[in-house]
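Below, chain A is the first sequence line, B the second, and so on; all start at residue 1. This is a predicted model, so every value here is computed, not measured. Side-chain atoms are counted along with the backbone in the values below, which use heavy atoms only and exclude waters and symmetry mates.
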2 protein chains.
Amino acid sequence: MKKEITIYDIAANVGLSPTTVSRALSNHPRVKDVTRNKILHAAKDLGYQSNIFASSLRKRRSNSIGVIVPKLNSAFQSSVLAGMEKIATQAGYNLIISQSVESLDKEISNTNIMFNSRVDGLLVSKAGTTDNIEHFQPFFQKNIPVLFFDRVPENNHCTGVVINNTQAIYDATAHLIKQGCKRIVHVLGNLQINVYADRLKGYKYALMDHGFVFDSANVITDELDEDSGERIVEKILKLHPRPDGLLISNDTSAASCLMALKKRGVKVPEDMAIVGFNNDLISRMVEPNLSTINYPSYHMGEVAMKNLINHLDDENQEILQKTNTITLRSALIIRESSQRTT
Amino acid sequence: MKKEITIYDIAANVGLSPTTVSRALSNHPRVKDVTRNKILHAAKDLGYQSNIFASSLRKRRSNSIGVIVPKLNSAFQSSVLAGMEKIATQAGYNLIISQSVESLDKEISNTNIMFNSRVDGLLVSKAGTTDNIEHFQPFFQKNIPVLFFDRVPENNHCTGVVINNTQAIYDATAHLIKQGCKRIVHVLGNLQINVYADRLKGYKYALMDHGFVFDSANVITDELDEDSGERIVEKILKLHPRPDGLLISNDTSAASCLMALKKRGVKVPEDMAIVGFNNDLISRMVEPNLSTINYPSYHMGEVAMKNLINHLDDENQEILQKTNTITLRSALIIRESSQRTT
DNA sequence: CTGAAAGCGCTAACAA
DNA sequence: TTGTTAGCGCTTTCAG
């Protein structure tokens with residue numbers, strides 16, 4: 001292994017102290033321009049590469065931010081990540097990314113790895129099934145900021161970036177009612193996840209406000225994956241009277257339901273109006289186009305990252321303390337799948 | 001800032017030397033079991049957290065692997081990343097991820113950041129427009145392994161993980177010919193990218209082998225994005241005689257074309273047979289379902305990461321030297337969009 | 001099986 | 001504006 005070029009070599013080369021070299025290299029203002037240039041030149045000549053390990057060791061910060069998502073291969077999450085990456089890179093932070101694959105154990109393990117990697121901050125969208133946030137305790141204790149997005153824990157003192165899920169589904173439900181739907185089924189994921197719990201509320205409120213009676217038979221929970229359509233439609237068509245409105249908590253599942261319905265000769269939107277969620281590409285590609293809720297995923301990534309970094313850059317580190325929840329605007333997009341030509 | 005617990009504190013606590021503590025903590029065999037347990041206990045009691053900066057500084061490796069993709073928010077890339085994450089985490093490596101957003105400048109900048117972050121290895125899918133790999137020189141010089149996947153540079157000595165793009169499109173073209181198509185248009189991305197250049201070859205070979213004459217008017221290059229359908233279909237319908245087969249290099253664009261065609265009353269597959277590429281979710285959700293090429297993206301992520309790590313773990317570090325290209329199996333999936341009931 | 005000592009490369013007090 | 005000095009916390013010879 002060739003010996004590394006260090007600031008000492010540069011110092012020797014230009015006849016200055018390592019301190020000055022260090023300062024010049026990190027753009028410290030108290031270095032004469034001439035000196036700085038001389039040093040920068042020498043550094044380039046010698047093929048110097050700064051050693052971040054030494055620097056991090058000394059400075060006690062890694063300049064990297066950890067991100068834990070439930071699944072990397074999801075249209076929503078990858079869009080969030082893209083937004084985060086953009087902001088982080090701009091600000092000079094590295095992104096260490098891992099996925100919990102919806103498992104609490106994996107999330108715990110990932111959290112520990114992030115802690116041991118000494119990330120300067122952590123962004124998390126929680127894995128499904130529990131609200132346990134014990135494993136973030138080491139972060140809280142060391143005052144390392146943890147910011148949740150989309151799937152945030154309930155009753156916590158951490159900041160979260162979310163959309164108003166309740167309002168979103170409220171609007172969608174009201175829309176279906178306005179389209180003349182008499183029996184609206186709501187399909188969603190695990191109710192232990194805040195996102196779905198909130199949506200259920202929105203659904204109930206909207207029914208209530210429009211004089212409908214809530215019936216738990218109209219609520220179906222499912223994985224919402226690509227194959228969910230068959231399962232869901234099977235259940236729906238067994239209901240009497242047959243539902244005529246369908247509110248599905250993601251577009252993949254909504255598209256899958258749409259296919260299953262068409263296969264059975266159920267006409268959309270005439271016999272069954274559908275609203276999805278997320279405004280994924282797929283909602284614009286199926287036929288009829290899916291009405292859906294626009295979820296500003298890329299923007300959510302940007303906002304979450306921006307806030308975390310602002311907090312890190314803030315001397316007093318109180319930005320996140322003062323904020324509790326940042327809510328982004330989502331909006332109902334009405335397309336053919338729910339528009340009835342009554 | 002509370003003082004960190006170090007191995008010195010542990011050493012003092014149990015009355016041993018830091019050396020022994022270090023050894024015990026990293027499972028060195030030459031430590032008595034009793035001693036090791038005593039140390040492990042003390043470490044836990046004191047709330048010890050190992051300092052990877054110091055460790056990395058000393059060991060000269062980061063235990064992290066860099067990944068540079070063109071775009072994070074792509075179904076294909078996020079699936080690759082998911083595969084990589086799984087393997088990396090299993091092997092105890094962190095993943096530092098960044099995107100070049102198809103810009104060479106950004107790719108260069110990302111590469112430098114990765115280099116300065118001292119990743120132990122680098123996985124890259126190249127940004128579009130150039131074949132320049134000068135910016136990886138620092139890695140080559142320091143013998144840090146760089147492994148390309150999907151979009152690999154031409155004529156290089158680096159290992160790459162790819163599919164046989166030529167064969168894939170050859171098969172698809174042959175399939176369309178067998179379905180009775182007389183004029184087949186091939187839509188692909190920037191031909192400077194190996195992936196598309198190879199596909200064009202496959203298209204040409206297949207035409208040749210079946211007695212068709214290649215006509216450059218039948219080749220269209222495009223962004224292949226969500227809105228590409230209108231542009232592409234516009235061009236196609238101007239051709240005389242009108243094409244009856246369409247080979248599109250990704251499913252998003254293929255779906256978009258499908259919509260544009262239907263809008264104009266062109267029947268698929270009767271008037272126009274379509275084959276896409278990737279086997280994205282969307283190919284199974286549009287109507288008619290898209291014939292496509294199955295691209296083993298998740299698997300590609302696993303394989304690329306596995307090979308990189310094997311190389312890193314290999315004492316002689318010659319695994320990648322000996323390999324040049326790893327080709328994964330892809331396969332034509334025939335669905336309704338290209339099946340003619342002749 | 002355990003320990004002493006040296007040093008990885010950098011930065012931040014403090015001093016000049 | 002520049003320099004001296006002292007670590008940050010760990011691992012690794014080498015020696016016992």
Residue B:Arg60, side-chain atoms from C-beta onward, closest of C:dC8, D:dT1, C:dT2: C:dC8
Neighbour count above 12 (heavy atom, 6.0 Å) for B:Lys306 NZ: no
Protein-nucleotide distance (B:Leu16, atom CG; C:dC1, atom C1'), rounded to Å: 11 Å
Gap between atoms NE2 and P, on A:His28 and D:dG3 respectively (whole Å): 13 Å
Touch class at under 4.0 angstrom, heavy-atom based, for B:Thr35 against every strand present: sugar-phosphate
Any donor-acceptor N/O pair under 3.5 Å between C:dG3 base and B:Arg23 side chain: yes
Presence of donor-acceptor pair under 3.5 Å, side chain of A:Thr19 and base of D:dT4: yes
Sugar-phosphate, base or nothing in reach of B:Ile52, heavy atoms under 4.0 Å: nothing
Among C:dC10, C:dC8, D:dT12, the nucleotide that comes nearest once only the side chain of B:Ser22 is considered: D:dT12
Integer-rounded Å distance: D:dT11 P and B:Ile10 CD1: 11 Å
Base C:dC8 paired with A:Tyr8 side chain (donor-acceptor, <3.5 Å): no
Nearest non-hydrogen partners of B:Tyr48 and B:Leu25, listed with the distance: CE2-CD2, 3.6 Å
Distance below 4.0 Å between B:Ser17 side-chain N/O and C:dT2 OP1 or OP2: no
Flag side-chain contact, heavy atom, 4.5 Å: A:Ile163 against A:Met300: yes
Sugar-phosphate, base or nothing in reach of B:Ser55, heavy atoms under 4.0 Å: sugar-phosphate
Rounded distance in Å - NZ (A:Lys59) to P (C:dC8): 20 Å
Value in whole Å for how far the P atom of D:dT12 lies from CG of B:Leu25: 13 Å
Distance below 4.0 Å between A:Thr6 side-chain N/O and C:dG9 OP1 or OP2: no
Which nucleotide in C:dC1, C:dC8, C:dG3 has an atom nearest any side-chain atom of B:Arg58: C:dC8
Integer-rounded Å distance: C:dG7 P and A:Ile7 CD1: 17 Å
Separation of atom CG in B:Asn51 from atom P in C:dC10, rounded to whole Å: 17 Å
Pairwise 5' ranking along DNA chain C for B:Gly15 and B:Ala54, keeping only the more 5' one: B:Gly15
Side-chain donor/acceptor of B:Ser22 to backbone N/O of B:Pro18, under 3.5 Å: no
Candidates A:Ile144, A:Ile65, A:Ile68, A:Ile96 - the one meeting side-chain contact (heavy atoms from CB on, under 4.5 Å) with A:Leu122: A:Ile68
Sugar-phosphate only, base, or nothing, as touched by A:Ser50 at under 4.0 Å among non-hydrogen atoms: sugar-phosphate
Sugar-phosphate only, base, or nothing, as touched by A:Ser26 at under 4.0 Å among non-hydrogen atoms: nothing
Integer-rounded Å distance: D:dG7 P and A:Leu57 CG: 14 Å
Side-chain donor or acceptor of B:Asp120 paired with backbone N/O of B:Asn63 under 3.5 Å: yes
